[in-house]
Amino acid sequence: MLKNARPRRSMLYMPGSNTRALDKGRSLPADALILDLEDAVAPDTKAQARANIVEALRAGGYGRREIVVRTNGLDSEWGRDDIAALAAAGANALLLPKVESAAMVQEAEALMVRAGAPETLGIMCMMETPLGILRADEIAGASKRLTCLVMGTSDLVKDLNAAHTPERLPVLTSLSLCVLAARAHGLAIVDGVHLDLDDAEGFAAHCLQGKQLGFDGKTLIHPKTLAKTNEVFAPSAEEVAQAHRIIEAHAAAVAEGKGVVVLDGKLVENLHVESAKRSVALAEAIAELEADAD
Ligand SMILES: CC(C)(COP(=O)(O)OP(=O)(O)OC[C@H]1O[C@@H](n2cnc3c(N)ncnc32)[C@H](O)[C@@H]1OP(=O)(O)O)[C@@H](O)C(=O)NCCC(=O)NCCSC(=O)C[C@H](O)C(=O)O
Ligand SMILES: [Mg+2]
């Protein structure tokens with residue numbers, strides 16, 4: 001069972017230096033917004049971006065969208081000040097970049113606590129360096145505050161000296177290792193960004209591949225990709241209807257003292273019921289989120 005389960009089909013990055021984007025986030029159909037202080041922000045605008053995000057959080061208006069702030073690394077000149085300013089500013093989670101060990105997570109958590117972070121403030125980790133991927137299990141188990149791993153496939157491809165390819169073979173092992181680590185620790189996990197904004201077909205294929213690999217959703221860089229992402233990572237109406245049929249057929253079998261049933265020629269066991277219940281719960285959570293956004 002996932003800790004802190006909620007829809008994370010679409011997580012849209014926006015630079016903290018872009019106040020227009022921070023404002024637009026209040027009306028975009030994203031499950032989560034990542035207000036960025038790291039790579040999307042130039043060094044000489046870091047302090048202003050931090051102030052913009054604190055002000056945006058104070059002003060509120062983001063509804064039920066999950067609000068995540070990506071801080072700079074603790075090895076940079078800005079990381080500690082980011083955590084000090086954001087720990088109690090009202091975000092749902094802080095996203096730590098380039099995490100490579102449990103110790104890095106725990107150091108950030110200690111700073112968050114010192115800065116007055118509420119117990120509800122979550123931690124997310126960017127998985128985007130070779131060492132971080134190799135230590136995914138250690139990182140995913142580093143703190144009770146951890147809710148979600150976020151793939152950073154751009155940095156990863158760079159560090160691997162690999163290439164962005166349509167099938168993503170160069171990063172498949174890394175993606176799957178992180179999915180394994182996330183699930184082993186009951187965490188959510190979200191796929192990396194697609195950099196080519198004019199490649200709608202390739203983007204859709206990567207969404208589908210991510211869903212098939214087990215990801216809960218995808219990180220995004222532009223609002224025009226939200227609709228496709230939300231569609232792919234949501235259970236379809238047919239899937240939800242089939243999930244209800246599976247739950248009902250199995251319940252009827254159990255009432256007759258049987259543990260399994262054959263539905264449409266396919267075996268249905270308890271594990272299928274668990275998956276069906278997960279689909280129904282996700283569909284309900286999405287409906288709630290979308291009703292709230294109207
Ligand atoms: C890529 C962009 C710079 C493009 O911006 P722009 O030229 O303004 O795009 P449009 O003119 O098409 O924008 C249309 C309207 O949409 C708003 N907009 C655009 N992008 C966003 C956004 N991300 N969030 C919110 N709103 C957005 C524009 O303001 C326009 O609105 P309006 O004025 O009403 O018409 C830009 O999309 C952008 O900056 N994207 C985010 C880039 C980013 O955050 N990058 C860092 C994260 S990715 C990363 O770091 C990867 C990871 O770490 C790894 O290693 O893999
Ligand atoms: Mg990165």
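Every number for a ligand or one of its atoms is a count from 1 in the order of the listing. This is a predicted model, so every value here is computed, not measured. Computation of the quantities below employed the complete heavy-atom set of this structure, encompassing side-chain atoms and omitting hydrogens, waters and symmetry-equivalent molecules.
Within a 4.0 Å radius of atom 13 (O) of ligand 1, the protein contributes at least one heavy atom. Under the 4.0 Å distance rule, the nearest protein heavy atom to atom 21 (C) of ligand 1 falls inside the cut-off. The protein does not reach atom 7 (O) of ligand 1 closely, with no heavy atom under 4.0 angstrom from it. Within the 4.0 Å cut-off (strictly below), a protein heavy atom is located near atom 54 (C) of ligand 1. Closer than 4.0 Å to atom 18 (N) of ligand 1 lies at least one heavy atom of the protein. Protein non-hydrogen atoms do reach within 4.0 Å of atom 31 (O) of ligand 1.
A heavy-atom distance below 4.5 Å is not found between the side chains of Asp196 and Phe203. When side chains are defined from C-beta on, Leu74 does not count as touching Met104, because their heavy atoms never get closer than 4.5 Å. Side-chain contact check for Val268 versus Val260: every heavy-atom pair is 4.5 Å or farther apart. Within the 4.5 Å cutoff, side-chain heavy atoms of Leu37 are placed close to those of Leu86.
The nearest protein atom to atom 16 (O) of ligand 1, hydrogens excluded, is given as Pro223 CG, 3.8 Å; this is a heavy-atom distance. Shortest contact from atom 10 (P) of ligand 1 to any protein heavy atom: His222 NE2, 3.4 Å. With respect to atom 47 (C) of ligand 1, the closest heavy atom belonging to the protein is Tyr13 CG, 3.3 Å. Shortest contact from atom 33 (O) of ligand 1 to any protein heavy atom: Arg20 NE, 2.9 Å. For atom 1 (C) of ligand 1, the closest heavy atom belonging to the protein is Leu197 CD1, 4.1 Å. Atom 43 (C) of ligand 1 has as its closest protein heavy atom Ala40 CB, 3.7 Å. Protein heavy atom at the shortest distance from atom 51 (C) of ligand 1 is Val193 CG2, 4.1 Å.
Near Met14, with a cut-off below 4.0 Å to any heavy atom, the atoms of ligand 1 are 24 (N), 25 (C). Here is the list of ligand 1 atoms found below 4.0 Å of a heavy atom in Leu12: 23 (N), 24 (N). Here is the list of ligand 1 atoms found below 4.0 Å of a heavy atom in Ser154: 54 (C), 55 (O), 56 (O). Which parts of ligand 1 touch Glu128 is read off a 4.0 Å heavy-atom cut-off, strictly below it: atoms 52 (C), 53 (O), 54 (C), 55 (O).
Within 6.0 Å of the NZ atom in Lys228, the count of heavy atoms belonging to other residues, nucleotides or ligands does not exceed 12. Within 6.0 Å of the CZ atom in Arg26, the count of heavy atoms belonging to other residues, nucleotides or ligands exceeds 12.
Checking Arg114, Arg145, Lys144 one by one against Glu109, the salt bridge (charged side-chain N to carboxylate O under 4.0 Å, His left out) holds for a single residue, Arg145.
By the 3.5 Å distance cut-off applied to N or O atoms, Asp36 is not counted among the residues near ligand 1.
Using a 4.0 Å cut-off between heavy atoms, Met126 contacts ligand 1 through its side chain alone, with no backbone atom that close. Contacts with ligand 1 closer than 4.0 Å are made by heavy atoms of both the backbone and the side chain of Ala21.
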Please report the C-alpha distance between Asp137 and His185 in whole Å, then the side-chain angles of each, then the deciding distance to 0.1 Å, and finally whether the side-chain hydrogen bond (donor to acceptor under 3.5 Å, both in side chains) criterion is met.
-> CA-CA 8 Å; Asp137 177 31; His185 291 275; 2.6 Å; yes
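Nearest residue to atom 36 (C) of ligand 1 from Asp39, Leu33, Ile221 is Ile221 (criterion: closest heavy atom). The heavy atom nearest to atom 15 (C) of ligand 1, out of those in Arg70, Lys24, Lys158, is found in Lys24.
Using a 4.0 Å cut-off between charged side-chain N and carboxylate O, Asp216 and Arg9 make no salt bridge. With respect to the salt-bridge test (charged N to carboxylate O, under 4.0 angstrom), the residues Asp159 and Lys98 do not qualify. Between Lys277 and Glu274 there is no salt bridge, since no side-chain N of the basic residue sits under 4.0 Å from a carboxylate O of the acidic one. Between Glu55 and Arg50 there is no salt bridge, since no side-chain N of the basic residue sits under 4.0 Å from a carboxylate O of the acidic one. With respect to the salt-bridge test (charged N to carboxylate O, under 4.0 angstrom), the residues Asp264 and Arg245 qualify. Checked for salt-bridge contact, Arg8 and Asp31 miss the test: no charged N lies under 4.0 Å from a carboxylate O.
The nearest N/O/S atom of Asp155 to the Mg ion (ligand 2) is OD2. Glu128 contributes atom OE1 as its closest N/O/S atom to the Mg ion (ligand 2).
The closest approach between a heavy atom of Pro15 and any atom of ligand 1 is below 4.0 Å.
Contact annotation: Glu38 places no N, O or S atom under 2.8 Å from the Mg ion (ligand 2).
Cluster annotation: Leu282 is not connected to Val190 through the hydrophobic network of ILVMFWY side chains, with a link wherever side-chain heavy atoms come within less than 4.5 Å.
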